[in-house]
Amino acid sequence: MRIHELAKELGVDSKELIEKLKKLNFPVKSHMSSVDEETAEVIKAEFTELKEKEIEENVIEVDFPITVKDLAVKLGKKPSELLADLIKRGKFYTINQNLNEEAAGAIAYQYQVNLKKKPLKEEVILKEETKEVKGRAPIVTFMGHIDHGKTSLLDYIRKSKITEKEAGGITQHIGAYQVHLDKGKITFLDTPGHETFTAMRARGANATDIVVLVVAADEGVKPQTVEAIDHARAAKVPIIVAINKMDKANADPDMVKQQLSKHDLAPEDWGGKTTAVGVSAVTGKGVDELLELILLQSDIMELKADYGRAALGIVVEARLSKGKGPLVTVLIQEGKLDVGDWCVCGLFYGKVRAMLDDHGRPINTVLPAYPAEILGLNGVPNPGDQIFVVPDEKSAKEIVERRREEAAKKKLVTPAHLKLEDLYQKVKEENLKQLKIILKADVGGTLEAVEAALGKIPSQEVELVITHKGVGAINSSDVLLAEVTDSIVVGFKVSIDAQTRELSRKKGIELRIYQIVYELIDDIKAALEGMLTPQIRRVFMGRARVKTVFKLSRFGIIAGCMVEKGKITRAAICQVMRGNEIVHEGKITSLKRFKEDVREVAQGYECGIGTGFDGIQEDDVIDVFSEEVIARKLK
Ligand code: GTP
Ligand code: MG
């Protein structure tokens, strides 16, 4: 085979092929030289590999979406040239058309360019090299059922371990604090419950190293204990069990241990691996042992932080103080935060003016795993938001401005979480291997029955995983857990309140409620086979009559209304009726009582409703609906 023939087959000109062959140690004289079949095959394979490697290395960074015009410039072509080239390949674009990452990447590849997304400024900052890695204190969160004694235990530890050393004791309320023991330090995060824990995770802040599961010895494992276990598991955080209220006469630690065994948390003396310790927040019995076990666990984990890099951490709590402005409690995870540092936090930024430690004392530096309250941000961020140090004010402004633009764009789209209807597609296209569900049922018996029936669905490709199961109504904790684990919430004969439904809609989490077990099983089966069709029904929620129409500069046209029936809720689906005619259909865009944004307005109250419909008139009627998935009828 001659070289020029080979070149033709490979889609390059002979000159290029000869050049490349030199690099591959296959010197040939000219395009008329010939090689035998076997060599030709080797050359083909090696040439293709080299070519791919070259493209891979030929990186150009851009922002997406990118217009055809800008892409041409990046590729070193005239826009008209690029357009003509694309037409030759049967692709018709206009010069100002926006291309997404995929489309632009495919075009660039044709020109031997590996198009990459330009990293954001903060990505560059956050990626900083490791500098000074050293050990740090563990960060511990207490979780458990209501009233099982989380706060009391933390209080006991605080009093005995901090106040005894620090005259004056705790002066500040702070959502995070550090305890110093002879054998080491522990940082405690005082979050109000597993919902906050998971909500923080949903923002990407996995701030806990160890979870202490508090179970009262007189009451044992309760629904929220189980939720806490599953939330901690989903976060892949080790669990230490504190069996609390051991001082009570009816304390029954054996019952608790037996119950724990059912949840794969069998304690060591029950043949399991879980560390469990009996404690009392009243007498303090067992608390020292608990602290030692925490330190032991943290030793095993060899927790480390980079003390040398630019600081980063997470917001534990934030509020507005009248005199001081935004007060933000942060937990530093890496690096040292100093007074005078410029930092970005969520959608805000600022220069750290002052910092207080967990005793309310002014400090100049905060180290990893230490909490601090900082002053100087220009707004109040959300718990779980990340805070990080940037080189100067200019970078801080730039990052925050871009984030605000993104946030404004994001408001318009619901996040894309897994829907049962898209399951099949995802399995095929994205190699999805698991369908995760959160299963709720009315009583324990039905829960087991549904679980057993689900277990019998034959599926080779996709494994059915139950992220959490429980008895009772679907609640916001289920929705948040679904969000971080990308699960679908499946309910059997259970209810759901409007607030949770709204949360799920906002987060784009699919909820499915069934009354008949076969329908539930059929739908999951159908989803796995790509045969599921959505069945949605609108349910009337309420009616409001327009009394007056006015314009607000920031919100556009607002209808001043009286709620005549049911209730109006924010973001509900609405229909504007004029007589018997539907003049507009869409979603409620804003709902206000006086100047306050509200979640819902009940019958008999006045409110301001934004519908995004500028033609709205006095005496129009606004009907609002919720959407419900209907269970299928048995055929
Ligand atoms: P939530 O924050 O509402 O979820 O509760 P919690 O888990 O923080 O419980 P909390 O510490 O508020 O305690 C609830 C009740 O149990 C209080 O009345 C405590 O005094 C009591 N309690 C807590 N620990 C113990 C204990 O070890 N022994 C006894 N006898 N009572 C306790
Ligand atoms: Mg509490």
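One-based numbering, in listed order, for ligands and for the atoms of each. Nothing fancy with the numbering, it's 1 onward along the sequence.
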Asp218 vs Lys245, test: salt bridge (charged side-chain N to carboxylate O under 4.0 Å, His left out). Steps then yes/no.
CA-CA 7 Å; Asp218 53 342; Lys245 307 200 184 181; 5.1 Å; no
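Each salt bridge (charged side-chain N to carboxylate O under 4.0 Å, His left out) pair with one or both residues in residues 343-354, not counting sequence neighbours, would appear here, but there are none.
For ligand 1, the atoms sitting less than 4.0 Å from at least one non-hydrogen atom of His148 are 7 (O), 9 (O), numbered in the order shown with element in parentheses. Listed by atom number, the atoms of ligand 1 under 4.0 Å from Thr151 heavy atoms are 2 (O), 6 (P), 8 (O), 11 (O). Against a heavy-atom cut-off of under 4.0 Å, Asp247 is close to the following atoms of ligand 1: 26 (C), 27 (O), 28 (N), 29 (C), 30 (N). Close contacts of ligand 1 with Ala281, meaning ligand atoms under 4.0 Å from a residue heavy atom, involve 24 (N), 26 (C), 27 (O).
Closest to atom 11 (O) of ligand 1 by heavy atom, among Ala217, Ser280, Ser152, is Ser152. Checking Leu153, Thr283, Ile146, Asp147 against atom 14 (C) of ligand 1, the nearest heavy atom belongs to Asp147.
Salt bridge Lys436/Asp486: absent, no basic N to carboxylate O contact under 4.0 Å. Taking 4.0 Å as the cut-off between side-chain N and carboxylate O, Glu268 and Lys273 do not count as a salt-bridged pair.
Not one N or O of Met246 is nearer than 3.5 Å to an N or O of ligand 1, by distance alone.
With sequence neighbours excluded, the residues satisfying salt bridge (Lys or Arg N to Asp or Glu O under 4.0 Å) with Lys592 are Asp597.
Looking at Val241 and Thr275, their side chains never come closer than 4.5 Å, going by heavy atoms from C-beta outward.
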